Protein chains: 2
Amino acid sequence: MGLRERKKAQTHAALSWAAVRLTVERGFDKVKVEDIAEAAGVSPRTFNNYFSSKAEAIAFRHLDRCLRVADEVRERSGEPLWDAITGSVLRQFAPDAEAIAHPPVADAERWTEGVRVMVAEPALRGEMLRAGATAEAEIAAAVAERTGNDLEQDLYPHLVASAVMGAVNTAIAHHLRTDAAVPVSRLLTDALARITAGLSTP
Amino acid sequence: MGLRERKKAQTHAALSWAAVRLTVERGFDKVKVEDIAEAAGVSPRTFNNYFSSKAEAIAFRHLDRCLRVADEVRERSGEPLWDAITGSVLRQFAPDAEAIAHPPVADAERWTEGVRVMVAEPALRGEMLRAGATAEAEIAAAVAERTGNDLEQDLYPHLVASAVMGAVNTAIAHHLRTDAAVPVSRLLTDALARITAGLSTP
DNA sequence: TAAAAAATTGCGGGCCCCGCACATTTGCGG
DNA sequence: CCGCAAATGTGCGGGGCCCGCAATTTTTTA
C-alpha cells in the first residue's frame, strides 16, 4: 500500500473517530460537520469526500468491525462453519478491542452513558442498521463460498448471515440495556448457540 | 374514534402513499417534499408535522405492516407461538394486500421495477431497517407476553423477534432479487421454518 | 525535474427540517 | 345552537447538511 492510500485510511479513521468522540461527548445534534472536520484537521468540504453524511462517519467503525467478521469467516475455512462464525464474532466484539486500540477515555462511566445516548439517536440507528446490512451481504457471500451454495438462488447463506447479525445486534442491545452484569462474550456465544440450535423451544 | 383522529390518519396515509408513489415513479431524489405535500393536499410545512423526514414517510407503510404482525401475534394466543408468528407474517406479507387495497397501478411491470430501485436507495434502506427494528421491539414484547419471559432480562424474546424480522427481510430480498419465480408465501414459510428448526445444517 | 494524476479546498446553491407565531378548524359544555 | 378552549394547519425565517464545480496543492510517475 502506497503512501497515498495510507494517508487516506488515516484521514478516514481520524474523521470517524472524531465524529464518534464528539457525538458521545456532546450529543448528535450538537456536533456540526465543521467541528468534526476541525478535530480531524481537514476542511469541512473534505469531510464529505470521505463520508456522505455525518451519520455514516459515526457508523463507519461499526461497519468496519462487521466487515472483518466476514473476512475472518472466509479465511477460517479449516474449522466447521459455525465455529468459524462464533470465533470471528467473538474476536471482533468480545473484549471490545476498540477501547484498547484508541486513546483510553478518562471517564469510562460517562463514556458508556454517552454511547447509550448515541445509539438511541434515531438518525444513527438507521445508519448502524445499514452498516449491519452491508456486512450481512458480505457474510452471506462468505458462507456461500464455504458451503458451495448459490448466492443468488439459495436462501441458506442469507438466512445464516441475517441470523448472525441479528444475534450480534441482540446481544449488544442486551448488554447496553442491562448494566454489563453479564460479559458480552457470554451473550454472544449464547445468542449464536441458540440460533444454530433452533428457536422453537423457549 | 372522533373525526379529528380519522382526519389525521387520512392525512398520514395520503402523505405516505403520495411519497411512495412519486418515489417509485421518479426516483427518490427527484421528489421534493413540496411535491409530496401538494399531492396530498397539504402545505409543505404540514408534511413535517407528520413525518420527521421524507424517508420516514416512505417507510411508514412498511412500519405499519410490521407492527400489525406484532399485534396479531399478541391476539392469537390460542395457537402455538410459531404457528401464530408464521400465520401473522403470511397474512401481512403474502398476497401483498397492499397492491389490492390501493388504486391498482396501471403498469405493474414498471411499478415493481420502480420499487426495486426505491428499496436500493441507501437513504431509504436505513429507514426501512429502522422501521423493522421498531417492529422488532414490539414483537419481542408480544413474545415475552406469551411465553412469560422477562423482556428486560431474557434474551429469548429478542432473539425470536430478531430472527423473525430477519427471515422476513431475507425472504423479501430474495423475492426482489429473483424474478418472482417462487411465491413470496413459500419463501416466508421456508425461511421461518428453517429459523425455528435451527441453522446448523445447510 | 517536469508532467500527470489525485486529493484538498472554497464557493455557491438547493433542499431539508424545525421553531415560532398566527390562522383555522374541531370538539364540547352550556 | 353558540362560543370557547384545544388541537391542527400554515407562512416565515433560519440553520445546517450535502453536493457540483473549478481552482489549488500534493503525490506519483516518467
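Note that the coordinates shown come from a computational prediction; the quantities given were computed from them, not determined experimentally. We name chains A, B, ... by the order of the sequence lines, and we start the count at 1 in each one.
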Original post:
Rounding to a whole Å, what distance do you find between R6(A):CZ and dA7(C):C1'?
Top reply: 16 Å
Subject >> Nearest listed nucleotide, side chain of S43(B), among dC17(C), dG11(D), dG16(D) >> reply: dG11(D)
Original post:
Checking salt bridge (Lys or Arg N to Asp or Glu O under 4.0 Å) against D35(B), which of K30(B), R21(B), R26(B) comes through?
Top reply: R26(B)
**OP:** Grab the CG-C1' distance between D29(A) and dC18(C) for me, whole Å please.
**Re:** 11 Å
Subject >> Nucleotide nearest K7(A) when distance is taken to its side chain, options dT8(D), dC18(D), dT27(D) >> reply: dT27(D)
Subject >> N/O (side chain, N48(A)) to phosphate O (OP1/OP2, dC19(D)) under 4.0 Å >> reply: yes
Original post:
Is the distance from OP1 or OP2 of dT10(D) to the nearest side-chain N or O of T46(B) less than 4.0 Å?
Top reply: yes
**OP:** Kindly say if K8(B) contacts the phosphate of dT8(D), meaning a side-chain N or O under 4.0 Å from OP1 or OP2.
**Re:** yes
**OP:** Measure the distance from CD on Q10(A) to P on dT8(C) and round it to the nearest whole Å.
**Re:** 12 Å
Subject >> Integer-rounded Å distance: dA7(C) C1' and F51(A) CZ >> reply: 16 Å
Subject >> R110(A) bridged to E25(A) by N-O distance under 4.0 Å >> reply: no
Original post:
Quick one: F28(A) CZ to dG16(D) P, roughly how many Å, whole number?
Top reply: 13 Å
Subject >> Plane angle bin for H12(A) and F60(A) - parallel if under 30°, tilted between 30 and 60°, otherwise perpendicular >> reply: tilted
Original post:
Which of the following nucleotides, dT8(D), dC19(D), dT9(C), is nearest to the side chain of Y50(B)?
Top reply: dT8(D)
Original post:
To the nearest angstrom, how far is L124(A) atom CG from dC17(D) atom P?
Top reply: 13 Å
Original post:
Looking at dC17(C), dT10(D), dA7(C), which one has an atom nearest to any side-chain atom of K54(B)?
Top reply: dC17(C)
Subject >> Reported CD-to-CD1 distance for the pair E72(B) and I139(B), which is rounded to 0.5 angstrom >> reply: 11.0 Å
Subject >> Any donor-acceptor N/O pair under 3.5 Å between dG19(C) base and R45(B) side chain >> reply: yes
Subject >> Which residue lies more 5' along DNA chain C, comparing E34(B) with P44(A) via nearest heavy atoms >> reply: P44(A)
Subject >> Whole-Å gap separating P (dT8(C)) and NE2 (H12(A)) >> reply: 11 Å
**OP:** Using side-chain hydrogen bond (donor to acceptor under 3.5 Å, both in side chains) as the criterion, point out the one residue from H62(A), R68(A), R61(A) that pairs with D64(A).
**Re:** R68(A)
Subject >> Separation of dC18(C) C1' from F47(B) CZ (nearest whole Å) >> reply: 13 Å
Original post:
Counting side-chain heavy atoms from CB outward, which of dC18(D), dT8(C), dT10(D) is closest to N49(B)?
Top reply: dT10(D)
